[in-house]
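Taking it in order: structure first as structure tokens, then the write-up.
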Amino acid sequence: MTKLTLEAARTEHTALAAEIAEHDRRYYREDQPAISDAAYDALRKRLLDLEDAFPELIDADSPSQRIGAAPSETFSKVRHRVPMLSLSNAFSDEDVTDFLARVRRFLNLKEDAEVEFTAEPKIDGLSISLRYEKGGLVQAATRGDGAEGENVTANARTIKNIPHRLSGKTPEVLEVRGEIYMSHKDFAALNEKQSQAGEKVFANPRNAAAGSLRQLDASITASRPLRFFAYTWGEAPDLDGDTQWDVVQRFKAMGFPVNPLMTVCRTTDQLVAHYRKIEEQRAQLGYDIDGVVYKVNRLDWQERLGFVSRSPRWAIAHKFAAEKATTVLEGIDIQVGRTGALTPVARLKPVTVGGVVVSNATLHNEDEIARKDIRIGDTVIVQRAGDVIPQILGFVAEKRPKSAKPYEFPKFCPACGSHAEREDRGSGKTDAVRRCTGGLICPAQRVERLKHFVSRNAFDIEGFGDKIVEEFYADGLIQSPQDIFTLEARDQRALKKLKDREGWGVSSATNLFEAIAARKNVALDRFIFALGIRHVGETTARVLARSYGSAEALRDQITAASDMAGDAWTELNAIDGIGTIVAEAIVQFFGEQHNIEVFNALLAHVSPAPLEAVNTASPVAGKTVVFTGALERMTREEAKAMAERLGAKVAGSVSKKTDLLVAGPGAGSKLKDAQKHGVEVIDEAEWFRRIGD
Ligand code: IVH
């Protein structure tokens with residue numbers, strides 16, 4: 001080395017730096033390394049030796065000063081081949097008993113039949129899906145909305161306990177899923193470092209883990225102490241094992257970290273005992289957990305149980321009790337929602353509850369405030385559980401100021417001044433919620449509807465957050481949903497353009513236009529959900545999308561149902577999962593001229609994509625099926641879930657649109673209706689024969 005001149009060293013250093021940068025790029029960004037790890041290490045060693053001998057060669061761009069590749073502009077999207085779901089929650093032992101009973105009922109098991117469950121901590125981090133092909137890590141994706149996540153492959157590769165290559169016998173394809181988290185110790189050290197460097201400190205380990213993983217520059221992720229636990233899987237065609245337990249043991253053998261506190265339980269008592277044991281150890285674990293997850297151990301049973309909406313029927317998260325703190329209630333703000341509901345929100349003196357600073361909490365409604373006799377100035381007890389909005393449990397009597405007066409709920413909308421009323425529910429009952437009667441003249445309702453329209457589970461327009469909606473509404477840029485789709489064309493003609501707004505620029509304006517354009521073929525169920533029809537949540541929106549097939553058919557059929565008597569009304573009510581209140585709300589929505597105008601104006605710009613049939617190859621795909629009478633091999637619920645998996649629509653009553661009635665012993669009026677409408681009737685055995693089981 002000493003023989004080398006500075007000039008020669010500089011030439012070699014420049015060449016080496018470029019070569020290493022190219023290998024980094026291939027490794028971190030393209031997942032296609034061109035050389036072996038050993039050869040790469042040799043290049044880096046030579047570079048470091050040169051820098052040792054000639055320190056003047058070190059600059060900020062040298063590979064020795066960074067890890068990984070340069071940042072890309074945004075994360076690309078990854079469609080999950082198997083959706084990433086969430087878990088439903090149990091908050092009490094009774095909820096757990098109910099869960100077990102539901103599982104047994106669905107599987108048609110006796111009340112005291114033994115069902116094995118795994119029980120393991122629920123890690124409070126963020127979930128990730130790791131795809132391995134021929135044993136090598138090829139892709140990592142965040143959960144995103146469950147259907148589509150972000151490609152964080154480069155970032156995941158920097159996490160030390162995620163294997164790049166699987167050990168032992170490896171399947172062709174395997175998607176291993178689990179949680180990315182940060183330990184308490186690492187979190188404290190990171191925040192210390194951040195604060196000394198004058199950088200952002202994180203509120204809790206979960207935020208720190210999420211913020212560290214989702215870095216466009218993977219070298220930042222590499223410098224953060226992230227860890228991983230494997231606990232489930234996505235696409236896995238040749239999975240080895242018959243139980244949840246077996247599969248997780250296989251994961252362990254392949255080199256994945258799995259949680260040591262996982263166990264198998266056979267009774268509610270065992271589950272709850274394990275829950276208590278984990279709860280006792282919670283503070284000493286060294287990482288955040290927020291409950292215990294129970295999963296049916298047998299995989300064939302998991303398959304039969306399937307999913308409801310976005311969570312599996314075969315698993316539940318038994319959450320730990322919420323954390324509490326006391327603080328002063330400084331005021332009560334009234335928020336106006338998209339349906340006009342006035343919601344009281346407690347303005348609190350900021351207080352830390354379970355590691356998170358809380359300054360707002362929900363007070364639910366007028367009656368709740370009166371019932372708990374909460375007054376401004378009170379010292380109140382605040383509770384926070386998981387991601388749920390903090391709640392006010394009550395006040396501390398000894399600390400009540402003498403001057404505190406009972407709270408009087410406003411009778412007028414704070415946004416538009418219209419009367420706020422409580423609906424009559426019949427038989428002397430009034431709705432607990434007071435609503436603004438201003439409808440579309442109320443700016444708060446209009447803004448909230450717009451926020452809902454662009455939100456994550458609705459149109460999901462990236463970068464179109466609440467703040468932008470508020471600003472655009474205030475400036476008159478967007479008043480109604482259809483205005484979103486004319487924004488770009490209007491911008492081209494406008495004198496003051498989006499890019500010239502404060503805090504904007506060419507790229508942020510272009511990104512927003514692109515994000516809007518990208519959603520023109522939004523899925524039909526999202527489109528329906530985005531409309532904000534009262535009582536129509538995501539599940540009902542999906543049911544409507546499946547039943548009517550297109551936006552136009554929905555509009556025409558619902559308009560035809562406005563008489564609340566004829567065929568179209570009967571059809572609507574026959575849809576499984578749609579009761580009278582929901583049916584009425586839908587008809588009412590389409591009965592308003594303004595809503596029809598917005599609907600049609602939207603269809604001039606967007607073409608909602610019909611839902612794919614779950615299984616178009618099946619002989620019952622697209623057919624409307626009704627089940628009646630006693631079934632022997634399966635419960636009614638399981639029959640319904642199975643039919644829907646095969647692409648059929650399940651209705652609750654027989655009409656002339658029904659294709660098939662599956663009738664067991666004891667079938668009554670539905671059988672008669674079927675005969676009247678000439679609907680084909682088969683028995684359970686024939687059903688199984690047709691679907692090839
Ligand atoms: S199983 C199909 N097991 O909790 C169900 N999830 O609330 C797959 N989580 O999105 C999830 N620890 O991010 C499972 N031991 C565990 C978990 C766990 C944490 C997270 C996961 C999931 C969320 C659902």
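The analysis underlying the following values was restricted to heavy atoms, covering all of them including side chains, and did not include hydrogens, waters or symmetry mates. Start at 1 and go down the list; that is how both ligands and their atoms are numbered. Numbering of residues begins at 1 and proceeds along the displayed sequence. Just so it is clear, the structure is predicted and the values come from calculations on it, not from any experiment.
Under 4.0 Å from any atom of ligand 1, one finds heavy atoms of residues Leu85, Ser86, Leu87, Glu120, Pro121, Lys122, Ile123, Ser127, Arg143, Glu179, Tyr231, Val293, Lys295, Pro312.
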Please assess Asp576 against Lys640 for the test salt bridge (charged side-chain N to carboxylate O under 4.0 Å, His left out), listing each intermediate value before the final yes or no.
-> CA-CA 10 Å; Asp576 212 36; Lys640 179 174 171 239; 3.2 Å; yes
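For the pair Phe228 and Pro257, the tightest heavy-atom approach, listed with the atom from each and the gap, is O-CG, 2.9 Å.
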Check residues 260-267 and write down every donor-acceptor pair under 3.5 Å in which the side-chain atom is one partner and the other belongs to a residue at least two apart or another chain.
residue, atom, partner, partner atom, Å
Arg266, NE, Glu116, OE2, 3.2
Arg266, NH2, Glu116, OE2, 3.0
Thr267, OG1, Gln270, N, 3.0

Under 3.5 Å, which donor-acceptor pairs link side chains of residues 277-287 to any protein atom two or more places apart or in another chain?
residue, atom, partner, partner atom, Å
Arg282, NE, Ile289, O, 3.2
Arg282, NH2, Ile289, O, 3.1
Tyr287, OH, Asn259, ND2, 3.0

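Between Arg102 and Arg313, the closest side-chain pair of non-hydrogen atoms is not below 4.5 Å.
For Asp246, the side chain to side chain donor-acceptor pair (under 3.5 Å) partners are Thr243, not counting sequence neighbours.
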